[in-house]
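Being a predicted model, the structure only gives us computed values, none of them experimental.
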Amino acid sequence: MASLDELKLQGRRVAEHGPWPRLVVDAAHWSRATLELVAGRWSLLSLWGEADTVHMAMLEPQLGEAVVLSLPCPSGSFPSVGMLHPPALRLERTIHDLFGLVPEGSPDPRPWLDRDQWGVRFPLGPRLPPTAPRGYQMLPVEGEGLHQIAVGPVHAGIIEPGHFRFTANGETVVRLEERLGYVHKGIDGLLIGADLERGAQLAGRVSGDSTVAYAIAFARAAEAALGVNVPPRALWLRALCAELERLANHLGDIGGVCNDVAFALMLSHCSVLRENVLRAAERAFGHRLMRDVVVPGGVARDLDDTGKGSIRQMAKTVRQRFPELIELYDETASLQDRTVTTGRLSAELVQQYAAGGYVGRASGRDFDARRNLAYPPYDQLRFKVPVLSEGDVNARVWIRIREVMQSIGLIEQMLSELPDGEWRVPLPATLAPAEGVALVEGFRGDVLAWLRLKDGVIARCHLRDPSWFQWPLLEAAIEGNIVADFPVCNKSFNCSYSGVDL
């Protein structure tokens, strides 16, 4: 199954719009696809379920080919992908919780969202025998001189809830295990039966700091399903919003990393620049985070000359002031002592998990959906994708630094070359079944959206955050570091809690 053409011969194609085929396969071909993931010839994009079917999206990285495989599960089970390919484990646990489909052979049958309080787990799921231990069991760690440190799920700051269980030998972390899912929102259930307008609103609220990225992914998937051609001006305005979102988040993260090693001066300066970005976004698009600006069919509002002027002035300010902050970061010895060689993440793990964004690119994974999949208008824009190999906190900061400058360049290009014309088209009123899928580049990495329409509403929609494949890598990056370095390692990843709680 080295090529998409060979894969097409193994499954029954389901008719749908969009560039990605969806193939219905049997258990044998499903397992063969798993072996392709293990061998690294394909990358896992996502795994999701519904009442009687499980779906898997895969990407051939070199050619940029992608496919969705669907396996009917009449018996309520499917061959576990995570048994051989660990990146699938948490997604399989979610499928079990929400739809009761059992991943046969999975080494980790524990719930992900279910807390035995909300009735989340599907009633068809297996029941524990009377002798089985109750409650959530953290993974065991054995050895002389080890002790455990429990952090969360409620934290001292304003971050979202997540439990971190450290096993340490003195101050050195031997193992970190995360338990998330505390703010389960029922996004999957809320999307079922929603119209596209409501679906776009829900998509934009999966992870608030990536509202533009999610909205673009959802809109592109819906437009692929309906065969809608979006006006060029709308595509450029979407990309402009996406780069403003990337710029604001990267500036916040750079300052946040520095603050976590007690260098608050950088946080202050970066926060001022970030505030400039957010205010320009509000003046241009009516909302600081640009929520609900991107909609299926285009954008909800156009950009006028006043908005252009605000963004141009912001870009000029960042271009003038940011180099001084780069110099301050690079020449402050106390910062370098805490970030260089801290929280190293190997290139092998990054490739196995197909980690996107600055986490992947700081450890040598040269992938960016804007370039590798070349969706418009990025296929017409000039930009570089920075890649480093050190894989430490410092490298993840430097990827952000270089992406800040690339985003400024992209914003300036889009403002000077923005095409005229319409900025929204009406969607066709169709009741025929249709499917669509899209992968777009958010500030954390690639965001996936897949949906199926039936009778004019959403029959099923799956939204996958890049953090699904980054949270497990944080556990690996902290091993061998001291407990005191966890905050800066965590901030250098800045994974989304909300994005994996669904």
Side-chain angles (χ1 to χ4, degrees), residues 90 136 138-141 143 145-183 209 249-250 252-264 266-267 270 329 332 334-346 349-350 353 355 357-360 362-363 390-400 444-445 465-501:
R90 294 181 177 183
Y136 191 86
M138 307 299 286
L139 296 176
V141 182
L146 299 181
H147 64 282
Q148 290 193 335
I149 306 169
V151 178
V154 178
H155 301 280
I158 59 172
I159 63 173
E160 295 174 84
H163 180 73
F164 301 93
R165 182 71 59 89
F166 298 88
T167 301
N169 186 341
E171 278 295 305
T172 302
V173 178
V174 176
R175 166 178 279 174
L176 165 64
E177 184 178 356
E178 306 149 351
R179 190 186 183 196
L180 307 177
Y182 286 91
V183 285
D209 55 10
N249 283 310
H250 281 349
D253 283 356
I254 293 167
V257 168
C258 295
N259 188 59
D260 277 342
V261 293
F263 196 70
M266 277 288 289
L267 175 63
C270 286
Y329 172 83
T332 302
S334 61
L335 271 176
Q336 303 301 305
D337 287 344
R338 296 295 303 279
T339 62
V340 176
T341 74
T342 300
R344 275 182 166 166
L345 180 62
S346 71
L349 276 175
V350 160
Y353 278 76
Y358 43 79
V359 172
S363 293
E390 291 81 1
D392 55 7
V393 170
N394 183 57
R396 291 186 282 275
V397 171
W398 270 104
I399 292 293
R400 288 177 169 97
R444 281 192 181 91
D465 194 270
S467 299
W468 280 103
F469 302 128
Q470 295 171 349
W471 275 117
L473 297 181
L474 176 60
E475 295 181 346
I478 193 60
E479 287 185 12
N481 290 261
I482 60 174
V483 175
D485 278 339
F486 174 70
V488 68
C489 290
N490 188 22
K491 188 60 183 179
S492 74
F493 275 68
N494 191 21
C495 302
S496 173
Y497 296 81
S498 184
V500 301
D501 284 348

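- Within the structure, the side chain to side chain donor-acceptor pair (under 3.5 Å) test picks out the following pairs touching residues 471-480 (sequence neighbours left out): Arg90-Glu475.
- The side chain to side chain donor-acceptor pair (under 3.5 Å) check on Arg344 picks up nothing, with sequence neighbours excluded.
- Listed by chain and residue number, nothing satisfies the side chain to side chain donor-acceptor pair (under 3.5 Å) test with Thr332 (two or more places apart in sequence, or in another chain).
- Sorted by first then second residue, the salt bridge (Lys or Arg N to Asp or Glu O under 4.0 Å) pairs that include residues 154-163, not counting sequence neighbours, number zero.
- For residues 168-177, the side chain to side chain donor-acceptor pair (under 3.5 Å) pairs, not counting sequence neighbours, are Arg110-Glu177.
- Applying the side chain to side chain contact (heavy atoms under 4.5 Å, CB included) rule to Pro487 yields the partners Asp260; only residues at least two apart in sequence or on another chain are considered.
- Not counting sequence neighbours, the partners of Asp485 by the salt bridge (Lys or Arg N to Asp or Glu O under 4.0 Å) test are Arg338.
- For Asp209, the salt bridge (Lys or Arg N to Asp or Glu O under 4.0 Å) partners are Arg444, not counting sequence neighbours.
- The side chain to side chain donor-acceptor pair (under 3.5 Å) test applied to Ser498 returns Lys185, not counting sequence neighbours.
- Every residue two or more places apart in sequence or in another chain that forms a salt bridge (Lys or Arg N to Asp or Glu O under 4.0 Å) with Asp253 is listed here: Arg400, Lys491.
- Just one of Ile149, Val173, Leu474 meets the side chain to side chain contact (heavy atoms under 4.5 Å, CB included) condition when paired with Phe486; it is Leu474.
- Judged as a side chain to side chain donor-acceptor pair (under 3.5 Å), and not counting sequence neighbours, the contacts of Thr339 are Tyr329.
- Applying the ring pair (Phe, Tyr, Trp, His ring centres under 6.0 Å) rule to Tyr358 yields the partners His250; only residues at least two apart in sequence or on another chain are considered.
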